[in-house]
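Worksheet: one structure, shown below.
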Amino acid sequence: MKNDKSVLGRSFFEHKTVVVAQDLLGKFLVRKIGKNIIAGMVVETEAYVGPHDLACHASKGKTERTKVMFESAGTWYVYMIYGMYHCLNIVTEDKDYPSAVLIRALEPVVIPSLERRGKRGGLLSEPTNGPGKLCRALKIDKKFNCTSAVAKNSQLYFEDRGVKISRNKIVKAKRIGVDYAGKWKDKPLRFYIRGNKFISKT
DNA sequence: CAAGAGATCATCT
DNA sequence: GATGATCTCTTGA
């Protein structure tokens, strides 16, 4: 089915974090704001894979801030960083196991039905090539923290629009901004689509 | 072009 | 009181 669009459900996120991080490439992040819909294709992610991962916020234990990562798969983890930017993560794997995928970059997409009506609503006018920037563009803030991406009526969720990213298009790289994580800082847990123009960094 | 600093605040010690 | 899963602007070679 060419035009088959399906919303990703909980089971999609209940696999190993490194697998989910790669499977999310080519999926679409959809944001509903009132009657407007804006969306982007996921082109870059990072995996934070559990309590033993020193770069994972939850590696220091379960606290008020990190308890979201212990939630069931498909829960949003949104937090503020450096006082000015939000980062968007989707919780993965089993409940009580702290792991998540950070959405680092999107490729802007035009929603045809909105464009036809002459609206600009479908086109992202702000850059989305970085975790802080995409949150600004999609107006994501802490209201989404601890909410579900797999619930009906969610205003923020993923869709599969049939785009398939072949294995050899996926680049593995070390994560960014985690120099404090000791031997974990160089682990190849960042994934992005080879040649895509909307990657946060090269 | 590369490198460095500042902005600014929730969270943890 | 320190620091960070960032971004942008300024400085200087």
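Labels below follow one simple rule: chain letters A, B, ... track the order of the sequence lines, proteins then strands, and each chain is numbered from 1.
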Q.
With no hydrogens and no angle check, just 3.5 Å: does a side-chain donor-acceptor pair link A:T75 and A:S72?
A.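 A:T75 vs A:S72: no donor-acceptor pair found between side chains.
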I need the [atom1]-[atom2] distance between [X] and [N], as an integer number of Å.
X	N	atom1	atom2	value
A:K201	C:dA5	NZ	P	13 Å
A:R136	B:dT8	CZ	C1'	15 Å
A:L102	C:dT6	CG	C1'	11 Å
A:I140	C:dA5	CD1	P	18 Å
A:N89	C:dT6	CG	C1'	13 Å
A:Y79	C:dG4	OH	P	12 Å
A:I81	B:dA10	CD1	C1'	9 Å
A:R65	B:dT13	CZ	P	11 Å

Q.
Counting the atoms with a prime plus P, OP1 and OP2 as sugar-phosphate, which does A:R175 contact under 4.0 Å by heavy atoms, base, sugar-phosphate, or nothing?
A.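 The answer is nothing, as A:R175 stays clear of every strand by at least 4.0 Å.
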Q: Would you indicate what A:G132 reaches in the nucleic acid, counting non-hydrogen atoms under 4.0 angstrom: base, sugar-phosphate, or nothing?
A: sugar-phosphate
Q. Aromatic rings A:H57 and A:Y77: how do their planes relate, parallel, tilted or perpendicular, breaks at 30° and 60°?
A.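 A:H57 and A:Y77: perpendicular rings.
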(Q) Looking at A:R190 and A:E44, is any side-chain nitrogen of the basic one under 4.0 Å from a carboxylate oxygen of the acidic one? (A)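 A:R190 and A:E44: salt-bridged.
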Q: Quote, to the nearest angstrom, the P distance that separates B:dA5 from C:dT3.
A: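 It comes out at 15 Å once rounded to the nearest Å.
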Q) Does B:dT8 pair with anything, Watson-Crick or G-U wobble, both distances under 3.5 Å, and if so, with which nucleotide? A)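 Partner of B:dT8: none.
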Q. Which one is paired to B:dT13, where only Watson-Crick or G-U wobble pairs with both distances under 3.5 angstrom count?
A. none
Q: Please find out if less than 6.0 Å separates the ring center of A:F13 from that of A:W76.
A: no
**Q.** Closest-nucleotide ordering on DNA chain B, the 5'-leading residue of A:Y82 and A:K60
**A.**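 Result of the comparison: A:Y82.
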Q. Relative to the 5' end of DNA chain B, which residue comes earlier, A:M84 or A:K142, by the nucleotide with the nearest heavy atom?
A. A:M84
Q: Locate the shortest heavy-atom distance separating A:W184 from A:H52; write the atom from each residue and the value.
A: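 Minimum heavy-atom contact is NE1-O, 3.2 Å.
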(Q) Can you identify which nucleotide, out of C:dA5, B:dC9, C:dC7, has its nearest atom closest to the A:M80 side chain? (A)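 The listed nucleotide nearest to A:M80's side chain is B:dC9.
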Q.
Less than 4.0 angstrom between a side-chain N/O of A:K185 and OP1 or OP2 of C:dA5, yes or no?
A. no
